[in-house]
Chemist: 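Following this message is one structure expressed as structure tokens.
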Amino acid sequence: MNQPSTRRMKDLPVTHRLSSGTSMCPGCGGLGALKEACDVLGDGSIFVNAAGCMTLLAVYPFTPLSGSWLYTSMASAPAGAQGIRDAQDILVRKGRRTAAENLDVVVLTGDGSAYGMGLSATSGALERGLDFVYLCYDNEGYGNTGQQASGATPHGARTATTTVGLGFSGEKKDLFSIWAAHRPAYVATVIASEPVDLVRKFEKAKALHGPRLFIALAPCPTNWDFDPMLSVEIGRLAVETGVFPLKEYEGGRVVHTRPPRQRRPVEEYLKLQGRFRHLFEPTRNEQALREIQARVDGYWSEVARSGDGA
Ligand SMILES: Cc1ncc(C[n+]2csc(CCOP(=O)(O)OP(=O)(O)O)c2C)c(N)n1
Ligand code: SF4
Ligand SMILES: [Mg+2]
């Protein structure tokens, strides 16, 4: 007779724990970024999670992470992080916790929170110089509730709230610049399909103090409408077409960490995703495709002009 396994989730390496026993979609780019980040951050973190897809990782009282997990409303994860930071600092000051037991506080939110509902609380935390890490997995919509358009939705994407015509007629908000304008310790963009770049940035952030913020573009098979096995390919194309610039902000300076040497046409990225299918079928929308390409070209021309392509 088989003996029941005595191995528990918390005894597995963190990467294995995040692969098994969760109810996340296969090919989830947000989960990929979180796994890679956890490889660097290790087990010594307290996660503060605003409502969204990742909330399904922790079904009370269980979590695949060995650290604690606090679930907050969409708008208030950075406020929750402040409370945890303060409580731990007070316990250390009173001698009831050693410095080694003083854990990192990591906010984990989707773009709906980061770009919209939680932006005010984040701005306040940055003003106060809160010592925390913030990871926004950006699937460019309110994914958990069926992909309504958010402040991160790109121009031309069809979402649950932009179902006809061109799709979303607005522009994706430049959250990187909004965060950087607060002059925090560190801001970076990352993506799971570029793990070396991601790991280097998290290692750098881990050694710093103060606000350290990350936007991880999160290819989302379910809501972007593509085969899960294309998740890494779509992530790579986001970088190689120049749609998603990998960069970091530190000490008042922005550096592009992996500028595409020879940019591929943006439509190579768009045409793999059902949310952009209306730009190609039943007839090609040449004007919309030209406009989307021109925006990306404009971004990289500005980077070349300012000499910031390192
Ligand atoms: C104030 C408020 N409005 C609506 C909801 C319902 N809700 C739960 S998760 C979610 C989507 C969150 O989107 P995002 O932050 O991008 O995370 P994702 O679902 O894409 O992972 C919404 C709208 C909520 N929890 N709180
Ligand atoms: S809906 Fe998208 S972001 Fe949410 S778990 Fe599924 S793949 Fe990940
Ligand atoms: Mg989202």
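Indexing begins at 1, ligand by ligand and atom by atom, following the structure's order.
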Chemist: Quick one: does Trp224's side chain have a donor or acceptor within less than 3.5 Å of a partner on Asn139's backbone?
Modeler: yes
Chemist: Any salt bridge between Arg93 and Asp89, counting N to O under 4.0 Å?
Modeler: no
Chemist: Not counting sequence neighbours, which residues clear side chain to side chain contact (heavy atoms under 4.5 Å, CB included) with Gln262? List them please.
Modeler: none
Chemist: Is the NZ or CZ atom of Lys201 both under 6.0 Å from the centre of the six-membered ring of Phe214 and within 45° of that ring's axis?
Modeler: no
Chemist: If the threshold is 4.0 Å, N to carboxylate O, is there a salt bridge linking Glu248 and Arg253?
Modeler: no
Chemist: Looking at Glu240 and Arg263, is any side-chain nitrogen of the basic one under 4.0 Å from a carboxylate oxygen of the acidic one?
Modeler: no
Chemist: Which of the protein's N, O or S atoms come within less than 2.8 Å of atom 2 (Fe) of ligand 2, not counting waters?
Modeler: Cys220 SG
Chemist: Consider only side-chain N and O atoms of Asn285 and Arg290, and report whether a donor and an acceptor are under 3.5 Å apart.
Modeler: no
Chemist: Is it true that Arg212 and Asp131 make a salt bridge, defined as a side-chain N closer than 4.0 Å to a carboxylate O?
Modeler: yes
Chemist: Anything under 3.5 Å between an N or O on ligand 1 and a protein N or O? List each pair with its distance, or write none.
Modeler:
residue  : atom   : partner : partner atom : Å
ligand 1 : 15 (O) : Gly112  : N            : 3.1
ligand 1 : 15 (O) : Ser113  : N            : 3.2
ligand 1 : 16 (O) : Asp111  : N            : 3.3
ligand 1 : 16 (O) : Asp111  : OD1          : 3.2
ligand 1 : 16 (O) : Gly112  : N            : 2.7
ligand 1 : 16 (O) : Gly141  : O            : 3.0
ligand 1 : 19 (O) : Cys53   : N            : 3.4
ligand 1 : 19 (O) : Gly143  : N            : 3.4
ligand 1 : 19 (O) : Asn144  : N            : 2.7
ligand 1 : 20 (O) : Asn139  : OD1          : 3.0
ligand 1 : 20 (O) : Asn139  : ND2          : 3.0
ligand 1 : 20 (O) : Gly141  : O            : 3.1
ligand 1 : 20 (O) : Gly143  : N            : 2.8
ligand 1 : 21 (O) : Cys53   : N            : 2.8
ligand 1 : 21 (O) : Tyr137  : OH           : 2.7

Chemist: Would you mind checking if Glu171 and Arg295 are paired as a salt bridge, meaning a charged N to carboxylate O distance below 4.0 Å?
Modeler: yes
Chemist: Between Lys247 and Asp197, is there a salt bridge with N-O shorter than 4.0 Å?
Modeler: no
Chemist: Aromatic contact between Tyr134 and Trp179, with the criterion being ring centroids under 6.0 Å apart: yes or no?
Modeler: yes
Chemist: Can you list, by chain and residue number, the protein N, O or S atoms under 2.8 Å from the Mg ion (ligand 3)?
Modeler: Asp111 OD1, Asn139 OD1, Gly141 O
Chemist: Can a salt bridge be assigned to the pair Glu302 and Arg305 using a cut-off of 4.0 Å between side-chain N and carboxylate O?
Modeler: yes
Chemist: Contact between Leu217 and Thr189 at the side-chain level, heavy atoms closer than 4.5 Å - yes or no?
Modeler: no
